[in-house]
Number of protein chains: 2
Amino acid sequence: MNKEVKIFLADDHPIFREGLKKIIMKEKDFRVSGAAATGTEALEFIIHNKPDVAILDVSMPGLNGIEVARKIREKEIDTHPVILTMYSDEEYLETALENGVTGYLLKESTHTEIIDCIRTVLNGGYYVSKELQSFLINGSKHKNNKTGAGKAIETLTHTEKQILKLLSQNRTSAQIAKEMFISFRTVQNHRMNISHKLGIAGHNSLLMFALENQEIL
Amino acid sequence: MNKEVKIFLADDHPIFREGLKKIIMKEKDFRVSGAAATGTEALEFIIHNKPDVAILDVSMPGLNGIEVARKIREKEIDTHPVILTMYSDEEYLETALENGVTGYLLKESTHTEIIDCIRTVLNGGYYVSKELQSFLINGSKHKNNKTGAGKAIETLTHTEKQILKLLSQNRTSAQIAKEMFISFRTVQNHRMNISHKLGIAGHNSLLMFALENQEIL
DNA sequence: ATTTATATGAGTACTTATACTCAGGCAGGA
DNA sequence: TCCTGCCTGAGTATAAGTACTCATATAAAT
């Protein structure tokens, strides 16, 4: 592993680029081989220079970081894309993972986390920032939907859709049970089944889904 | 003018602090005399060390950058506060200027802009990032949609609004506590206080409110 | 006829949110 | 100085959701 690791940076904030560069250059075997402020520039550089790792901001002019990652995979370039973002947004993470991203960092990350992440993806592993790991638990296992929530909804049965609809009106399981003349345990079971079908998990995540999709239920 | 200029940095993102530090240290007469990740730490350092310039992030745990600036003026400390923020938000700029801020930079700023800004405020001048200067000229106010909820929201304190905002991103109390460096019991207390102020009660009702009003938080 | 999907119900454990209570610290105003 | 508002933290109790397990019944599909 004594070869020098080429790392590329893309972020539209000059200060951030400087900070990242400084952190990376503290590692003796790492080298910053280039930097860009837009997704388009980034992709061009990556295609021509094939760095080992590309650290990509999500919000950039032109292509965003996730789109750059997708292009990297489409063109079968041997560069590990690492996403670096301000927000701990579940949806971004999922989309990123679906597009071949193997490292996902928040800008709150410490030096150690950044270096850990780079080394992990270099070794072929996945690295997701601690704050986001709760989202990950079910996300990568099954389900490749989420690009079209509508598709996933179609796999739900009539009863399940009915429960989702009532959920979106902020009813509790007990209230739904009463309205549907079934046990509240049955409602809970349906909720779990729905969550599994949709590939979601965690507190309130089903409620959030119901709210976001209430017009197509 | 041959005295060394002491500059202090406050930002909760380690990468950003590194980047800023690097940019500032390229100037021979500038020195980074300290850095902090929270507003409270920042204020303490500024009081004790009285740097010439304090570069303050807006969104930080504890006090935010603008609050730190206000404290600096209240305590009549001879430090020039410079606000550094992600968002080109008119309201923030106004509040900042009202609180004695003489420099207002966006995180998109280039090296040159940052250095220019520091030199300008050192000379007693005002520096506002180009992207924001339009707001200064036509001091227009196109806000205030008092939808009833809007009025209630205005009675909330800054901390309460921050918690509501995080809630709207589907964070749990424990996650919010971690992000704000406070106990999750305190978060729960804030949630109860918010509910009382807004006149709402019951499971998920606060989450629902946060979701419905997330764009005006 | 066996499998499969669906609907129903329950046991158990754990996490999270709501709803009270109380209290200390700190800053600003009357 | 006292009072008030805000932030902080905790004790206790209850309600609700999540996450697994298991079981039964029925209808449709193979």
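Values in this document were obtained by computation on a predicted structure and should not be read as measured data. In the text below, chain A, chain B and the rest are named by the order of the sequence lines, each starting its count at 1.
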Find the distance [X]:[atom1] to [N]:[atom2] and express it as a whole number of Å.
X        : N      : atom1 : atom2 : answer
A:Met208 : D:dG17 : CE    : P     : 15 Å
B:Glu67  : C:dC26 : CD    : P     : 18 Å
A:His196 : C:dA5  : NE2   : P     : 16 Å
A:Met192 : C:dT12 : CE    : P     : 18 Å
B:Leu206 : C:dA19 : CG    : P     : 9 Å
B:Ile182 : C:dG25 : CD1   : P     : 19 Å
B:Arg191 : D:dG9  : CZ    : P     : 16 Å
A:His158 : C:dA5  : NE2   : P     : 20 Å

* Nearest-nucleotide 5' precedence on DNA chain C, B:Lys71 against B:Gly202 ->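 Result of the comparison: B:Gly202.
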* With a 3.5 Å cut-off and no angle check, do the side chains of A:Gln188 and A:Arg191 form a donor-acceptor pair? ->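 Distance-only check fails for A:Gln188 and A:Arg191.
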Could you work out which one of [options] sits closest to the side chain of [X]?
X        : options                : answer
B:Arg185 : D:dC20, C:dA19, D:dG17 : C:dA19
A:Thr186 : D:dT8, C:dT8, C:dA17   : C:dT8
B:His203 : C:dT6, C:dT8, D:dA15   : D:dA15
B:Gln188 : D:dT8, D:dG17, C:dA17  : C:dA17
A:His190 : D:dG9, D:dC7, C:dA7    : C:dA7
A:Ser183 : C:dA7, C:dG9, C:dG28   : C:dG9

* To do: Mark yes when over 12 heavy atoms from residues, nucleotides or ligands other than A:Lys26 sit less than 6.0 Å from its NZ; otherwise mark no.
  =>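 Count over threshold, so yes.
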Between the side chain of [X] and the main-chain N/O of [Y], is any donor-acceptor distance below 3.5 Å?
X        : Y        : result
B:Glu44  : B:Glu41  : no
B:Glu18  : B:Ile15  : no
B:Glu113 : B:Thr110 : yes

* **Short N-O contact, A:Asp78 and A:Arg73, less than 4.0 angstrom** =>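 Salt bridge: no.
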* Between B:Ser173 and C:dT16, is there a side-chain N or O to OP1/OP2 distance below 4.0 Å? ->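 No, because none of the side-chain N or O atoms of B:Ser173 sits under 4.0 Å from OP1 or OP2 of C:dT16.
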* Asked: Less than 3.5 Å between a donor and an acceptor, one on the side chain of B:Asn204 and one on the base of D:dA16, is that the case here?
  ->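 There is none.
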* Do A:Asn189 side-chain and C:dA7 base share a donor-acceptor contact under 3.5 Å? ->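 Under the 3.5 Å cut-off, the side chain and the base do not form any donor-acceptor pair.
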Just call it for [X]: base, sugar-phosphate, or nothing, with non-hydrogen atoms closer than 4.0 Å on any strand.
X        : result
B:Asn193 : nothing
B:Thr159 : sugar-phosphate
B:Ser195 : nothing

